[in-house]
Amino acid sequence: MLSRREFILMSAGAAVAVSLPSFAQGTIKPQKAIALTQVFGDGVKLTAVAVEYNQAVSSAEISAKDFQVSGRTVTNVFISDSASVAEKAETGRFVIVELSLDDPNLSLEDKIPMANATVSTDKPKRGGKKWVAGDKPSTNLVFKDPQAAISVNHQSLTTTEVKYPIVDDFQQLIFEDQQTGKTLRYNLYVPKNHGDQPLPLVLFMHDAGVTSEFHRATLLQGLGALSWASPEDQAKRPCFVLAPQFDEVIVDDNSEASPMLDTTIHLIEALVKQYKIDTNRIYTTGQSGGCMMSIAMNIKYPDLFAAAFLVAGQWSADLVAPLAKKKLWILVSADDFGAFPGQNAITERLEQEGAKISRAIWDARWSANEYRFAYDDITAENSPINYTVFAADTVFLPGASKEGASGHRNTWRVAYSIEPIREWLFAQHK
């Protein structure tokens, strides 16, 4: 039975027991518990719990040893003026309990049935029929909200909200394409206080594993969209960020795309009419299937994008000749048994078409400074196309499996955290 100094947080299906310091037994009482999340390269995680009190408390009154979390490791406790890990204060109404990212089973991913599925599996079966562009898998990738229920001194509280920094800054909208008859869910970040100055737009497209009817799946799965919309990036490189949420397979291994290619282009055209977007600085990027769609778009619409960041994707080398005149940054891992040979074939074909390409082997474990030095080296060659490859065995987390497609997935876990590449993209103009 819980003592008078304890409350329980139910978070992501696990009981989280937090012992309150002595002041909580007086007039200062917890009013609300808020789950705080952060999206990393491998997805969203519960990283902290904000406990709001009815009165301000001071940092002198709390200690990390006063807070225990069942099933999680408390790494830090501090006072804040708001439910945010970014704002520390000497006094405030919030106690932020930070949790270790080394704890097991932190994923919030789940699968639920997809309406109007056209195939009976949630991914192509080995040796079976391959999916074709336009197929709808049997399940959606979704992300569970961390949940919390609190009891203290016989007072029960239930978590009333979950905060998703940066993700919450995106609008969830729907585009009805009259030309293709397709309906497309999309997430849009509109820069704050952008005024009358036209700004760039970055299109990010997710991989096939994120095919879903869940509107924000592409935002919660990794950093592909969020890296461009972070407060730090927006302060340096303000831009619109467009992240479609596809509910069908958009490309296939036959180098064919679904009508969603044209629908996405039509959406961009509609946004250009609605917002002050710099049409000379529209960029595309994507991982795996999203990378393949970026390639297909640049082939079919060669004059739309100023540049592209292509992550862990491939396409038929016989079709890519139009890319020889484009500005591209290509990134794959040597452990990616599909995209690595695929991009080797693509770059060889582009060189045959007269493209100048700079190549480099990078280490996915590098620090920010090491990436900066390597970036300076390759860009000093002034090539319109840069081809960087993560060296074998460098994309994996310590202790992680190296089987199957993990080399493929781990490429984009790291790719969108490399700021110099984002910087390069924004330096390109049509």
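Separation of atoms NE2 (His266) and CD (Gln179) is listed at 4.0 Å; rounding is to 0.5 Å. The NE2 atom of His408 sits 2.5 Å away from the OG atom of Ser288 when rounded to the nearest 0.5 Å. Taken from CG in Leu173 to CG in Leu271, the straight-line distance is 8.5 Å, to the nearest 0.5 Å.
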Quiz: residues 338-346 side-chain donor-acceptor pairs under 3.5 angstrom, not counting sequence neighbours:
unit_1 : atom_1 : unit_2 : atom_2 : d
Gln343 : NE2    : Gly313 : O      : 2.8
Asn344 : OD1    : Tyr387 : OH     : 2.8
Asn344 : ND2    : Phe340 : O      : 3.3

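Relative orientation of the Phe170 and Tyr189 rings is tilted, given thresholds of 30° and 60° on the angle between their planes. A tilted orientation is assigned to the rings of Trp362 and Trp366, their planes being inclined by 30° to 60°. Note on ring orientation: taking the six-membered ring where Trp is involved, the planes of Phe175 and Tyr186 are perpendicular (angle over 60°, cut-offs 30° and 60°).
The neighbour count for Glu90 CD, taken as heavy atoms of other residues, nucleotides or ligands under 6.0 Å away, does not exceed 12. Atom CG of Asn254 has more than 12 neighbouring heavy atoms from other residues, nucleotides or ligands inside a 6.0 Å radius. Lys430 NZ: more than 12 foreign heavy atoms inside a 6.0 Å radius.
Under the 4.5 Å side-chain criterion, counting only non-hydrogen atoms from C-beta, Thr218 is not in contact with Phe246. Side-chain contact check for Cys291 versus Trp315: every heavy-atom pair is 4.5 Å or farther apart. Within the 4.5 Å cutoff, the side chain of Met297 has heavy atoms near those of the Thr264 side chain. Side-chain contact between Leu328 and Leu323 is present, with heavy atoms from C-beta onward closer than 4.5 Å. Taking 4.5 Å as the limit, some side-chain heavy atom of Met205 sits within range of a side-chain heavy atom of Ser294. Between Ile112 and Thr139, the closest side-chain pair of non-hydrogen atoms is not below 4.5 Å. The shortest distance between side-chain heavy atoms of Leu220 and Val167 falls below 4.5 Å. With contacts defined as side-chain heavy-atom distances shorter than 4.5 Å, the pair Lys45/Ser107 does not qualify.
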One pair to check against ring pair (Phe, Tyr, Trp, His ring centres under 6.0 Å): Tyr375 and Trp329. What are the steps and the verdict?
CA-CA 11 Å; Tyr375 169 83; Trp329 195 296; 5.8 Å; yes

After noting the C-alpha distance and the side-chain angles of His194 and Tyr275, does the key distance pass the ring pair (Phe, Tyr, Trp, His ring centres under 6.0 Å) rule?
CA-CA 10 Å; His194 56 84; Tyr275 296 99; 7.0 Å; no

So Asp336 and Ser333, side-chain hydrogen bond (donor to acceptor under 3.5 Å, both in side chains) or not? Walk me through it.
CA-CA 5 Å; Asp336 189 331; Ser333 168; over 6 Å; no

Does Ser84 form a side-chain hydrogen bond (donor to acceptor under 3.5 Å, both in side chains) with Glu87? I'd like the steps, not just the answer.
CA-CA 6 Å; Ser84 170; Glu87 299 180 16; 4.7 Å; no

The test is side-chain contact (heavy atoms from CB on, under 4.5 Å); show your working for Gln221 and Trp412 and say whether it passes.
CA-CA 11 Å; Gln221 185 250 6; Trp412 65 73; 3.6 Å; yes

Start with the C-alpha distance between Gln234 and Cys239, add both sets of side-chain angles, then the distance that settles side-chain contact (heavy atoms from CB on, under 4.5 Å), and finish with yes or no.
CA-CA 7 Å; Gln234 284 291 314; Cys239 67; 3.6 Å; yes

Steps toward side-chain hydrogen bond (donor to acceptor under 3.5 Å, both in side chains) verdict (Thr91, Ser58):
CA-CA 4 Å; Thr91 62; Ser58 69; over 6 Å; no

Before you tell me yes or no, could you show the steps for Arg372 and Glu370 under salt bridge (charged side-chain N to carboxylate O under 4.0 Å, His left out), namely the whole-Å CA-CA distance, both residues' side-chain angles and the distance that decides it to 0.1 Å?
CA-CA 5 Å; Arg372 174 63 64 181; Glu370 289 171 315; over 6 Å; no

Give the C-alpha distance, both sets of side-chain angles, the deciding distance and a yes or no for side-chain contact (heavy atoms from CB on, under 4.5 Å) between Ile277 and Ile282.
CA-CA 8 Å; Ile277 292 171; Ile282 297 176; 4.2 Å; yes

Going through the checks in order, is the side-chain contact (heavy atoms from CB on, under 4.5 Å) test met by Asp135 and Glu248?
CA-CA 6 Å; Asp135 280 347; Glu248 66 181 44; over 6 Å; no

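Here salt bridge (charged side-chain N to carboxylate O under 4.0 Å, His left out) pairs that include residues 99-114, with residues two or more places apart or in two chains, are Arg72-Asp103. Applying the salt bridge (charged side-chain N to carboxylate O under 4.0 Å, His left out) test to residues at least two apart or on different chains, the pairs with a partner in residues 204-221 are Asp168-Arg216. Listed by first and then second residue, the salt bridge (charged side-chain N to carboxylate O under 4.0 Å, His left out) pairs involving residues 230-241 are Asp233-Arg237, Asp233-Arg422, Lys236-Glu419, Arg237-Glu419 (not counting sequence neighbours).
Asp252 places a side-chain N or O within 3.5 Å of a backbone atom of Ala133 that can act as its donor or acceptor partner. Panel note: side chain Asp335, backbone Asp393; a donor-acceptor pair is recorded below 3.5 Å. Between the Tyr371 side chain and the Asp363 main chain, a donor and an acceptor come within less than 3.5 Å of each other.
With Tyr283 as the fixed residue, the ring pair (Phe, Tyr, Trp, His ring centres under 6.0 Å) test singles out one of Trp424, Phe426, Phe305: Phe426.
Trp228 pairs by the side chain to side chain donor-acceptor pair (under 3.5 Å) definition with nothing, not counting sequence neighbours. Among residues two or more places apart in sequence or in another chain, the salt bridge (Lys or Arg N to Asp or Glu O under 4.0 Å) test is passed with Asp262 by Lys300. The side chain to side chain contact (heavy atoms under 4.5 Å, CB included) test applied to Ala117 returns no partner, not counting sequence neighbours. Evaluation of the ring-ring contact (aromatic ring centres under 6.0 Å, His included) rule for Phe390 yields no partner, not counting sequence neighbours. By the side chain to side chain donor-acceptor pair (under 3.5 Å) test, Thr285 is found to be paired with Tyr416, residues two or more places apart in sequence or in another chain being considered. Annotation: salt bridge (Lys or Arg N to Asp or Glu O under 4.0 Å) contacts of Asp278 (sequence neighbours excluded): none. With sequence neighbours excluded, no residue satisfies salt bridge (Lys or Arg N to Asp or Glu O under 4.0 Å) with Lys273. Residues forming a salt bridge (Lys or Arg N to Asp or Glu O under 4.0 Å) with Glu52 (at least two apart in sequence, or on another chain): Lys32, Arg93.
Shown here for Leu36 and Ala50, the closest heavy-atom pair between the two residues is CD1-CB, 3.9 Å. Here the shortest heavy-atom pairing between Leu199 and Pro191 reads CD1-CG, 3.7 Å. Shown here for Leu261 and Ala296, the closest heavy-atom pair between the two residues is CD1-CB, 3.6 Å.
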